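The next block holds one structure in the form of structure tokens; read it before the comments.
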2 protein chains.
Amino acid sequence: MITNYEVFRSELTMSKEDVIRELYRENTDRISIKKEATAVKNLTRIIDSTLRLANSKGFHAMTLRDLCADSGMSMGGLYAYIRNKDDLIHLIQSHGFIITRRTLQHYTADLDDPRERLYAAIKAHLYLSELMRAWFYFSYMEAKSLPEPEKRDAIAIELEIESIFQTVIEDGIREKVFADKNARLVASLIKAMLQDWYLKRRKYRDQEVSVDQYALVLRDVVESYISVSI
Amino acid sequence: MITNYEVFRSELTMSKEDVIRELYRENTDRISIKKEATAVKNLTRIIDSTLRLANSKGFHAMTLRDLCADSGMSMGGLYAYIRNKDDLIHLIQSHGFIITRRTLQHYTADLDDPRERLYAAIKAHLYLSELMRAWFYFSYMEAKSLPEPEKRDAIAIELEIESIFQTVIEDGIREKVFADKNARLVASLIKAMLQDWYLKRRKYRDQEVSVDQYALVLRDVVESYISVSI
DNA sequence: GTCTATATAGGGATAGAC
DNA sequence: GTCTATCCCTATATAGAC
């Protein structure tokens, strides 16, 4: 059960290094570095720089020279971690998938009331995308140019997220907590609003809206549409 | 006053060629072709192909050789219409701006009731993005890599659209038709849902939701949140 | 394990024939 | 007004020194 963003954040950040370590172990075939400690350190720099540069000018427009300059590595050094530029995408996507899967499962399972589950799912998604904004943004923007396997995974995770919301709403309709609306369409609209949070982050910063406020408004918007009127 | 998508469509499509003609006249300095008829014909092919290719693999990843193959032009022929690759962006963006500005002004001015104006604005935006899907998609996805002047225009038009919605809602609040909610934030959420329509067009096609149905649901979602309960 | 120097190809841009 | 052939730079990728 999540309470608010700060709690969520403190629970999750410590595991960031673990994720990179897991990523390293999953990719020992492509990565020629043997010492785990240095590998984790450099992978972190590579991933951070790639996300920053790709998100500001686009992945394809980002050159590996840009990446080396930004991450402080040399071309040769970089190529110890990847075989080609597409492997960079693989690294980025994998590390995001690991975190996303883990978190969403964790935070939406154990609630009974559909209203509460709906709110919990909204918060879980918003908080996660707040913490991993760069990855979510990258994933959305580069989706169309992802290599085939990564594209499949990305679509699968999208559907998974959307069906979490659809299921909650359908449950609520069955239990007469929600009115009989088009659950799938409502789920799509929820997702659109969730995505806007990380796609247009600056806009909401300018409006001085916090994640928790946004979560509340989202919940109210959705509930006022699907709640059964008394 | 708009009734439904089919009517909107038949009113607007005839002017598509006019827009390209206007585009040509605005850019006679960069375009070395003197005969208007051939220029309009080729500009149309160039714009269509660019949108198709850029939207499927990204503008930067699209090579001018790709473009020539797709549009049936030669490199030399293409360069009679542009001085460099960025000029392509300029062509695309200009022709979209021309249509968008013209349409939004036309369809949201002359209504009194805030509820009706809200619905009209939702429909105008959805219908327009339905008709010009490729341009809207391009504009959104390439926004970050646009040349400076085009970027400024794109941001300006975004704000313009958002403030149309904000104003309608504020008017409604003042007239006690709508409850006292955060108008700017609601406008942002509306825009997020409007954008999802053209960004994730396939998803809604799979759900077999029509533009008009989507417009209705959007209106209901928004109204159920901001309407004053009786 | 990390660096610099270099090979190679691919794509933007242009010259000049027709 | 349109095409083909070509120039030249940039970016990926690799070889080999340290």
Side-chain angles (χ1 to χ4, degrees), chain A residues 20-21 24-25 27-47 49-50 53-54 56-92 142 145-147, chain B residues 20-21 24-25 27-47 49-50 53-54 56-92 142 145-147:
Chain A
I20 306 275
R21 190 167 296 115
Y24 167 68
R25 289 180 186 159
N27 290 280
T28 39
D29 51 334
R30 327 185 170 196
I31 299 174
S32 64
I33 303 298
K34 296 300 162 207
K35 270 166 65 184
E36 187 169 278
T38 57
V40 169
K41 189 194 60 169
N42 283 331
L43 277 173
T44 307
R45 292 198 296 172
I46 291 171
I47 289 175
S49 288
T50 303
L53 294 171
S56 85
K57 53 167 73 174
F59 179 75
H60 201 272
M62 173 198 79
T63 72
L64 296 183
R65 284 182 175 81
D66 291 340
L67 178 57
C68 289
D70 191 87
S71 64
M73 302 189 70
S74 63
M75 289 294 275
L78 176 63
Y79 269 88
Y81 295 86
I82 54 171
R83 299 166 304 181
N84 52 52
K85 203 181 172 188
D86 270 3
D87 270 3
L88 265 180
I89 295 184
H90 176 78
L91 287 180
I92 302 281
E142 303 296 338
S145 30
L146 256 34
Chain B
I20 306 276
R21 190 168 295 116
Y24 167 67
R25 289 182 186 157
N27 289 281
T28 40
D29 51 332
R30 325 185 173 198
I31 298 173
S32 64
I33 304 297
K34 296 299 162 208
K35 270 167 63 185
E36 187 169 277
T38 56
V40 168
K41 189 194 60 169
N42 283 331
L43 277 173
T44 307
R45 293 199 294 172
I46 292 171
I47 289 174
S49 288
T50 304
L53 295 172
S56 84
K57 52 167 73 174
F59 179 76
H60 201 272
M62 174 198 78
T63 73
L64 295 184
R65 285 178 174 81
D66 291 340
L67 178 56
C68 289
D70 191 87
S71 64
M73 303 189 69
S74 63
M75 288 293 275
L78 176 63
Y79 269 88
Y81 295 86
I82 54 171
R83 297 166 305 181
N84 53 51
K85 202 181 172 188
D86 270 4
D87 271 3
L88 268 179
I89 295 184
H90 175 78
L91 287 179
I92 302 281
E142 304 295 340
S145 30
L146 256 34

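So that the names make sense, note that chain A is the first sequence line, chain B the second, and so on, each numbered from 1. As the structure is a computational prediction, the values presented were derived from the model and not from experiment.
Under the rule for a side-chain hydrogen bond (donor to acceptor under 3.5 Å, both in side chains), B:T38 has no partner lying at least two apart in sequence or in another chain. By the salt bridge (charged side-chain N to carboxylate O under 4.0 Å, His left out) test, B:K57 is found to be paired with B:D66, residues two or more places apart in sequence or in another chain being considered. For the salt bridge (charged side-chain N to carboxylate O under 4.0 Å, His left out) test, residues two or more places apart in sequence or in another chain that qualify with B:R25 are B:E36. Under the rule for a side-chain hydrogen bond (donor to acceptor under 3.5 Å, both in side chains), the partners of A:S49 that lie at least two apart in sequence or sit in another chain are A:D70. Residues that satisfy the side-chain contact (heavy atoms from CB on, under 4.5 Å) test with A:N42, not counting sequence neighbours, are A:R45, A:M73, A:Y81. The side-chain contact (heavy atoms from CB on, under 4.5 Å) check on B:H60 picks up A:H60, A:A61, with sequence neighbours excluded.
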>> Base contacts versus sugar-phosphate-only contacts with protein, heavy atoms under 4.0 Å: please encode nucleotides 3-18 of chain D as B, S and - from 5' to 3'.
In response: BB-B----BBBB----

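Heavy-atom distances under 4.0 Å link DNA chain C to A:I33, A:K34, A:K35, A:N42 of residues 32-45 of chain A, given in residue order.
Pairs engaging residues 72-86 of chain A under the salt bridge (charged side-chain N to carboxylate O under 4.0 Å, His left out) rule: A:R83-A:D87 [sequence neighbours left out].
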